[in-house]
Amino acid sequence: MEKFDTIIIGAGPAGLAAAYNLKGNGQNVAVIENNLWGGTCPNRGCDPKKVLLSGVEARDRMAQLQNKGFDNVPFVNWEQLETFKEKFTKPVSTGSRKGIVDAGITAIDGQPKFTSEDTLVVNGIEYQADKFIIATGQRPSYLDIVGKEHLLSSTDFLSLKKMPEDITIIGAGYIAFELATIANATGAKVHIIHHNDRPLKEFDQEYAMELVKQLENKGIDFNFNIDTQSITAQDGKYLLKADNFELTTDLVIGATGRIANVDFLDLEKANVQYNRHGVVVNDHLQSTNENVYAIGDVVSTKQPKLTPVGGFEAGYVSDILLGKTDKKLELPLIPTVVYGSPKLAKVGAQTGDKVVEQDVTSWFTYSHTNEPVAKVKIVLNDKKQIIGATLLSNEADSLINLLTLAIKQKMSHEDVVKEIFAYPTAASDLEYLI
């Protein structure tokens with residue numbers, strides 16, 4: 001039986017980061033992966049999605065400047081953009097595995113299952129370790145309805161070789177909005193179906209509904225308070241049914257959430273408690289087995305399931321195992337972005353002693369590209385320091401990071417005006433926002 005200091009289950013960004021950290025500090029480390037090395041984000045998540053969204057952003061700029069420099073606004077050529085995307089995704093798995101092998105980390109391919117608190121088996125071979133890190137991430141969940149076998153996932157969407165003329169997305173979270181934005185830019189007719197009337201429930205609803213309005217202006221069809229009951233294949237298309245509702249479409253994507261990859265590990269044999277949200281951990285990311293930790297999307301916590309969070313947790317658990325810290329985990333502020341058209345972003349508190357909301361559409365930062373809408377909500381405490389923000393604009397993804405730093409530094413208006421930012425940029429507007 002081969003023994004390691006630490007075995008990491010899952011070769012996504014979090015697992016790989018922990019592996020490199022531990023190996024770099026002298027540990028004997030193994031990483032086990034049963035699918036694509038590199039994980040969801042670079043293979044079939046945020047990175048390929050960002051490549052596809054680059055086409056949306058280019059088209060949006062042209063559409064905003066139609067008759068102001070551009071006569072025609074072509075739809076995104078899906079086949080060409082998909083081919084460009086594969087330039088980034090194809091090398092990921094092979095390159096990720098080679099990278100850890102070259103670093104002297106043992107790479108194990110296969111499905112691991114615990115057989116005891118300190119032993120697991122892969123392909124009939126047993127491995128033992130002093131410590132384990134579970135970093136198996138999440139996978140799409142599917143509605144339990146008649147015809148659920150017809151549902152495709154976001155992974156399937158990102159690998160479509162041809163975009164259908166008519167596509168339906170069930171769900172109204174950030175994945176649904178982003179996929180709808182991409183499909184719409186290719187000229188497809190897009191429908192979003194949601195079981196209640198609260199899209200993007202973690203965001204300010206006024207701003208979420210403004211994003212809905214902007215996407216409706218681009219032709220996306222929203223159907224709220226529709227609880228889909230069945231999907232039936234008919235003559236090469238699909239018929240969706242609910243109470244007093246029917247829709248025929250070419251393709252149906254399920255974007256109704258994700259579930260943790262914990263059900264295939266036999267965690268009971270390792271005395272590791274878990275629930276439908278993932279591995280249950282304490283404030284040191286330690287499971288009910290003191291020698292088993294969990295990081296990234298597989299952790300049963302309420303914080304956003306984002307790649308940078310997993311990377312932060314990987315560094316923290318590495319330090320725990322190396323004896324560099326014994327303090328409880330303290331996550332910094334976590335900004336989140338919906339890459340729609342426009343983008344919606346938030347960070348920090350959404351309520352405070354003072355809330356300043358501004359429609360900044362007419363400001364030069366946004367009017368020089370003829371953006372249809374740009375809004376900012378800033379939340380201040382009793383000391384007039386910024387403690388939160390919500391943004392809706394094409395610049396939201398970059399500006400939210402600056403506001404995150406401003407919150408961390410407890411900046412007030414007086415602090416901001418002491419800084420000099422490049423002009424004209426979204427950053428140079430900060431003194432008028434805070």
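One N or O on the side chain of T361 and one on the backbone of A374 form a donor-acceptor pair closer than 3.5 Å. The main-chain N or O of G187 is never found under 3.5 Å from a side-chain atom of N184 such that the two would form a donor-acceptor pair. Between the H194 side chain and the I170 main chain, no donor and acceptor come within less than 3.5 Å of each other. At distances below 3.5 Å, not a single donor-acceptor pair connects side-chain atoms of Y207 with backbone N or O atoms of K375. With hydrogens and angles ignored, the 3.5 Å screen pairs no side-chain donor or acceptor of S428 with any backbone N or O of P424. A side-chain donor-acceptor contact under 3.5 Å links T249 to the backbone of D166. No donor-acceptor pair closer than 3.5 Å links the side chain of N28 to the backbone N or O of D5. The main-chain N or O of V281 is never found under 3.5 Å from a side-chain atom of Q273 such that the two would form a donor-acceptor pair.
Counting non-hydrogen atoms of neighbouring residues, nucleotides and ligands closer than 6.0 angstrom, the CZ atom of F245 exceeds 12 such neighbours. Annotation: E86, atom CD; neighbour count of heavy atoms from other residues, nucleotides and ligands within 6.0 Å is above 12.
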**OP:** Starting from the C-alpha separation in whole Å, work towards a yes-or-no answer on side-chain contact (heavy atoms from CB on, under 4.5 Å) for V317 and I133.
**Re:** CA-CA 8 Å; V317 168; I133 300 175; 3.8 Å; yes

Subject >> Derivation of the side-chain contact (heavy atoms from CB on, under 4.5 Å) call for I105 and Y20 >> reply: CA-CA 8 Å; I105 299 167; Y20 282 115; 4.2 Å; yes

**OP:** Test L399 against L430 for side-chain contact (heavy atoms from CB on, under 4.5 Å), laying out the working first.
**Re:** CA-CA 9 Å; L399 186 55; L430 284 178; 3.9 Å; yes

Subject >> Pair D109-R97, side-chain contact (heavy atoms from CB on, under 4.5 Å): steps then yes or no >> reply: CA-CA 10 Å; D109 297 280; R97 191 183 192 284; 2.7 Å; yes

Subject >> Candidate pair N394 and E57, rule side-chain hydrogen bond (donor to acceptor under 3.5 Å, both in side chains), full reasoning >> reply: CA-CA 8 Å; N394 288 342; E57 293 168 343; over 6 Å; no

Show me the donor-acceptor pairs within less than 3.5 Å that the side chains of residues 323-332 make with the rest of the protein, sequence neighbours left out.
residue, atom, partner, partner atom, Å
K324, NZ, N25, OD1, 3.2
T325, OG1, K327, N, 3.2

Only pairs under 3.5 Å count here: list side-chain donor-acceptor contacts from residues 46-54, not counting sequence neighbours, and write none if there are none.
residue, atom, partner, partner atom, Å
K49, NZ, E178, OE1, 2.5
S54, OG, V51, O, 2.4

Only pairs under 3.5 Å count here: list side-chain donor-acceptor contacts from residues 67-75, not counting sequence neighbours, and write none if there are none.
none

Atom pairs and distances, donor-acceptor, side-chain atoms in residues 290-298, under 3.5 Å, two or more places apart:
residue, atom, partner, partner atom, Å
N291, OD1, K131, NZ, 2.7
Y293, OH, Q286, NE2, 3.4

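Of all heavy-atom pairs spanning P335 and N401, the tightest one is CG-OD1, 3.9 Å. The shortest heavy-atom contact between A188 and M163 is CB-CG, 4.0 Å. Annotation for A242 and I226: closest pair CB-CG2, 3.7 Å, computed over non-hydrogen atoms. Scanning all heavy atoms of the two residues, the minimum distance from A180 to I220 falls at O-CD1, 3.7 Å.
The stretch residues 153-172 participates, sequence neighbours left out, in these ring-ring contact (aromatic ring centres under 6.0 Å, His included) pairs: W78-F157. Judged as a ring-ring contact (aromatic ring centres under 6.0 Å, His included), the pairs with a partner in residues 321-380 (not counting sequence neighbours) are, in order, F364-H368. Counting only residues at least two apart or in different chains, salt bridge (Lys or Arg N to Asp or Glu O under 4.0 Å) contacts with residues 248-261 comprise K237-D250.
If you check the side chains of E395 and S393, you find no donor sitting under 3.5 Å from an acceptor. In this model, a donor atom of one side chain and an acceptor atom of the other lie less than 3.5 Å apart for S412 and D415. For T288 and N271, the side-chain atoms include no donor-acceptor pair closer than 3.5 Å.
Tested against V262, the residues N275, V272, V279 include a single side chain to side chain contact (heavy atoms under 4.5 Å, CB included) partner, V279. Among K384, K383, Q385, the single residue meeting the side-chain hydrogen bond (donor to acceptor under 3.5 Å, both in side chains) criterion with N381 is Q385.
Taking CD of E79 as the start and OG1 of T186 as the end, the distance is 9.0 Å to the nearest 0.5 Å. Between the CG atom in D221 and the NZ atom in K189 there is a gap of 5.0 Å [rounded to 0.5 Å]. Separating the CG atom in L143 from the CD1 atom in I231 is a distance of 7.5 Å, to the nearest 0.5 Å. Taking CD1 from I400 and CG from L344, the interatomic distance works out to 9.0 Å, rounded to the nearest 0.5 Å. Distance check: L433 CG to E357 CD gives 12.5 Å after rounding to the nearest 0.5 Å. Rounded to the nearest 0.5 Å, atoms OG1 (T106) and CD1 (I8) are 11.0 Å apart.
Between V360 and D429 there is no side-chain heavy-atom pair separated by less than 4.5 Å. Side-chain contact between Q229 and D243: present, with at least one pair of heavy atoms (C-beta onward) separated by less than 4.5 Å. The closest side-chain heavy-atom distance from Q64 to P372 is below 4.5 Å. In this structure, the side chains of E206 and K377 stay at 4.5 Å or more apart for every pair of heavy atoms. Looking at L120 and F132, their side chains come closer than 4.5 Å, going by heavy atoms from C-beta outward. At least one side-chain heavy atom of L391 sits less than 4.5 Å from a side-chain heavy atom of L403. R61 has its side chain within reach of T369: a pair of non-hydrogen atoms, C-beta onward, lies under 4.5 Å apart. In this structure the side chain of K346 never reaches within 4.5 angstrom of the side chain of D204, judged on heavy atoms.
Evaluation of the salt bridge (charged side-chain N to carboxylate O under 4.0 Å, His left out) rule for E33 yields no partner, not counting sequence neighbours. For F84, the ring-ring contact (aromatic ring centres under 6.0 Å, His included) partners at least two apart in sequence or on another chain are F88. Looking at residues two or more places apart in sequence or on another chain, you find a side chain to side chain contact (heavy atoms under 4.5 Å, CB included) between S153 and P140, Y142, T155, D156. The salt bridge (charged side-chain N to carboxylate O under 4.0 Å, His left out) check on K85 picks up E82, with sequence neighbours excluded. Residues that satisfy the salt bridge (charged side-chain N to carboxylate O under 4.0 Å, His left out) test with D130, not counting sequence neighbours, are K3.
Ion pairing between a basic and an acidic side chain is recognised when a charged N comes within 4.0 Å of a carboxylate O; K302 and E202 show no such pairing. Here R139 pairs with D263 in a salt bridge; the nearest charged N to carboxylate O distance falls below 4.0 Å.
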